[in-house]
Amino acid sequence: MDENLLQIRGLEKWFGTLKVFEGVDLDVKAGEVVSIIGASGSGKTTLLRCVNLLETFQAGTILLDGNPVGYHEANSKRKRFSERVIARQRLLTGMVFQQFNLFPHMTALCNVSLGLIKVKKLSKAEAEKEASRWLERVGLSDKIHSRPSQLSGGQQQRVAIARAVAMNPKILLFDEPTSALDPELVGEVLNVIKQLAADGATMVIVTHEMRFAYEVSDKVVFMDKGKIASMGTPAEIFEERKSDRLKEFLSTFNS
Amino acid sequence: MMVSIGFWESLFAAKTAIFIGITNSMLAAVCAIVIGSICGVAMGFIMTYARKYVVFPFRLFVDIVRGIPGLVVVFTIYYFLDVFLRSYGIKLPGLLAGIIALSVTNTAQMAELTRGALQSIPRGQIEAGKAIGLRFGQILYYILLPQALIQMLPPWVNTATETVKGTTLLMLIGISELLLVTQQLIATNNHALKYYCFIGLVYFVLNTIIELAGKAAEKRLRF
Amino acid sequence: MRYFWNFNIVFAQIDLLLNGLLLGLLLAVASLMIGVLLGLFMAFLATSKHLWLRVVSRFYVTLLRNTPLLVLIFIVYFGLPDIYVRLGKNESFVFALSLYAGAYMTEVFRAGLEAIPKGIIEAGQAIGLTPLQICWNIQLPIMFKNVLPSLGNYLISLFKDTSLAASITIPELTYSAKKINTLTFRVFEVWLVTAALYIVACYLMAFILRRVERRFAIQ
């Protein structure tokens with residue numbers, strides 16, 4: 001399969017009159033791991049949220065698995081799909097949030113199985129079996145009946161990852177998955193992500209962990225002021241440092 | 001004629017009347033709490049998630065009711081309904097008017113509580129629900145409602161005790177709830193202080209039980 | 001149904017209503033002031049080292065908060081004469097409402113006192129202030145600034161509670177409204193005007209209080 005799983009063309013977004021990004025093109029092939037780096041405010045998180053349709057965008061197209069998501073042309077007018085269709089399109093992507101966003105009133109198991117039961121229409125028993133399988137994969141088999149408040153940040157984020165992968169999405173989106181974690185908890189989460197990458201999952205990761213991005217990515221995207229400023233293999237981005245902006249940005253990290 | 005019998009004796013003799021009074025008070029309180037909770041929670045959801053022009057009439061209702069003393073709500077609804085029904089030759093059952101009035105106050109209170117609770121739920125919760133493909137109705141039911149209800153429990157218990165206390169207002173539109181019954185009993189003896197203290201104690205015990213039950217539930221539901 | 005509106009009859013008696021409103025406001029302010037003193041006293045008991053003082057404060061708050069205000073008013077106005085304490089209507093009402101307000105104030109002040117970081121009090125002790133000086137110069141000013149918004153809200157809430165004074169025929173707004181209702185039978189007009197007066201008064205108070213708060217916040 002050489003086709004692009006995710007294809008972004010000419011994406012533009014404004015918040016009111018403020019342009020967040022313009023002319024963004026990005027391709028992600030099946031099995032590829034793409035990291036997006038850049039200063040805060042460069043639009044990388046918003047780009048990710050557009051792919052998951054949590055943000056609107058004003059122009060351009062996002063193709064997931066060959067089909068346009070979010071908007072379609074009807075009578076040569078750009079129209080947003082109905083919420084029902086968008087809910088279905090979101091299933092193509094799985095999202096892991098910076099703040100985990102676990103459901104605090106549910107156990108880890110219920111957090112993971114909710115979508116399987118209500119969206120995938122699995123029976124409760126099947127869903128729980130599937131959910132505990134994934135919780136085991138992220139190393140939390142002893143925590144399946146714990147509430148989020150009883151878990152550490154790293155454990156919570158691993159539950160959130162299990163919740164996202166359990167839905168069997170084509171692409172996993174990570175929005176700064178370790179930014180809200182204490183330094184000593186970052187490693188366990190990155191290891192889980194690396195494991196998923198090694199198993200062939202397609203991923204787009206917004207991150208500030210440069211060493212991690214270097215190690216795990218097939219392609220690194222550097223965003224600056226709402227544009228993709230550089231794109232290339234980790235070696236090209238981190239070692240050659242082609243542009244001044246990239247040099248400046250990377251020099252703030254000691255890696 | 002003033003009969004000078006002892007307080008406990010006279011209280012015992014009046015046990016049926018007092019029982020009826022308590023029953024009426026509790027009936028009004030329970031109805032108002034149930035109706036107010038259901039309508040109020042629904043209204044709170046609408047006020048948080050509906051479009052502006054849909055929210056407006058509900059916002060107006062809540063602000064108006066919360067700006068008027070409970071007693072004035074009781075009088076207003078009682079007299080309005082009375083005049084309205086009488087024009088159709090129907091006699092207004094007093095207790096019904098009282099229950100409606102207390103329900104209206106309760107609804108406004110609950111709507112505001114629900115709105116506050118919903119707004120304090122982080123946006124990320126909705127986004128996480130969307131990300132696993134849930135539709136808005138499902139997000140509402142499985143994610144927002146349970147969290148809002150747990151958060152609302154303490155102020156809800158507070159509203160419940162306020163409502164129990166509020167049933168005493170109904171005596172002023174002539175409903176034989178506990179306080180009016182007591183007042184009528186006092187007219188036949190000379191134990192005003194003891195009687196009022198006694199029923200004050202009854203309310204105190206009732207409300208304390210509600211409070212303790214609420215605290216116990218809170219402890220079990222906290223996440 | 002057919003109803004002929006006539007607000008003029010009500011507006012002809014607007015003096016009665018406005019005087020009632022003013023009386024309610026006075027009763028509320030008086031009760032708030034006594035309630036604040038009572039609440040302060042009880043709040044210090046609540047934060048005391050001695051268990052029995054905390055129990056006294058706790059008991060007062062629970063008892064008053066769980067008893068209907070109307071019952072309290074009746075105890076004071078109709079009950080106390082049994083033990084030869086005879087108060088006028090207004091005094092009885094203010095007495096009852098102050099006791100009631102005091103319970104809520106206790107909770108407000110207790111929370112305000114507990115919110116003061118321990119370090120600030122220790123800093124006072126470190127420079128050699130006596131407990132009384134710490135209380136007067138440190139705890140009270142910080143606490144009052146913190147609780148000012150709640151105090152304002154309670155004033156409004158007490159003002160609404162003054163409608164209960166109608167039950168012992170004090171001529172405040174609700175009583176006056178009921179009187180006009182009985183005299184004129186302009187049911188809809190009377191209660192609409194009364195409700196409007198309460199709403200306007202409450203929101204005006206809220207507006208003014210928010211102004212006052214902002215001024216205190218800047219200092």
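To find a chain, count down the sequence lines: A is the first, B the second, and so on, and within it residues start at 1.
- Taking a 6.0 Å sphere around CZ of B/F56, one finds it holds 12 or fewer heavy atoms contributed by other residues, nucleotides or ligands.
- Separating the CZ atom in B/R66 from the CD1 atom in C/I199 is a distance of 12.0 Å, to the nearest 0.5 Å.
- Across all their heavy atoms, C/C202 and B/G67 have their closest contact at SG-O, 3.5 Å.
- Within 6.0 Å of the CZ atom in C/F41, the count of heavy atoms belonging to other residues, nucleotides or ligands does not exceed 12.
- For C/W52, the CH2 atom counts as loosely surrounded, since its 6.0 Å shell holds 12 or fewer non-hydrogen atoms of other residues, nucleotides or ligands.
- For B/K52, the NZ atom is loosely surrounded, since the number of other residues' heavy atoms within 6.0 Å does not exceed 12.
- A distance of 12.0 Å separates OH in B/Y196 from CG in C/L80, rounded to the nearest 0.5 Å.
- Of the atoms belonging to B/I64, heavy atoms from both backbone and side chain fall under 4.5 Å from chain C.
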Verdict with supporting geometry, C/I83 and B/L193, side-chain contact (heavy atoms from CB on, under 4.5 Å): CA-CA 8 Å; C/I83 50 169; B/L193 183 61; 4.0 Å; yes

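- For residues 167-176 of chain B, the interface with chain C (any heavy-atom pair closer than 4.5 Å) comprises B/T168, B/L169, B/M171, B/L172, sorted by residue number.
- Side-chain contact between B/F75 and C/V190 is absent, with no heavy atoms from C-beta onward closer than 4.5 Å.
- Atom CG of B/L71 and atom OG of C/S167 lie 8.0 Å apart (nearest 0.5 Å).
- Contact detail for C/V187 and B/Y79: the closest heavy-atom pair is CG1-CB, 3.3 Å.
- Pairs of residues two or more places apart, or lying in two chains, that qualify as ring-ring contact (aromatic ring centres under 6.0 Å, His included) and include a residue from residues 146-166 of chain C are C/Y104-C/Y154, C/F159-C/Y198.
- Contact count versus chain B (heavy atoms, under 4.5 Å) is highest, among C/T162, C/T194, C/L164, for C/L164.
- For a heavy-atom cut-off of 4.5 Å, chain B lies close to C/L63, C/R65, C/N66, C/T67, C/P68, C/L70, C/V71, C/F74, C/I75, C/F78, C/G79 in residues 63-79 of chain C.
- Between C/W191 and B/F80, the distance separating the two ring centers is not shorter than 6.0 angstrom.
- Within a 6.0 Å radius of CZ in B/F19, no more than 12 heavy atoms belonging to other residues, nucleotides or ligands are found.
- Residues of residues 199-216 of chain B placed with any heavy atom under 4.5 Å of a heavy atom in chain C are listed by number as B/I199, B/G200, B/Y203, B/F204, B/N207, B/T208, B/E211.
- For a residue to count as touching a neighbouring chain, one of its non-hydrogen atoms must lie under 4.5 Å from one of that chain's; by this rule C/N181 touches chain B with the side chain only.
- Of the atoms belonging to B/D82, not a single heavy atom falls under 4.5 Å from chain C.
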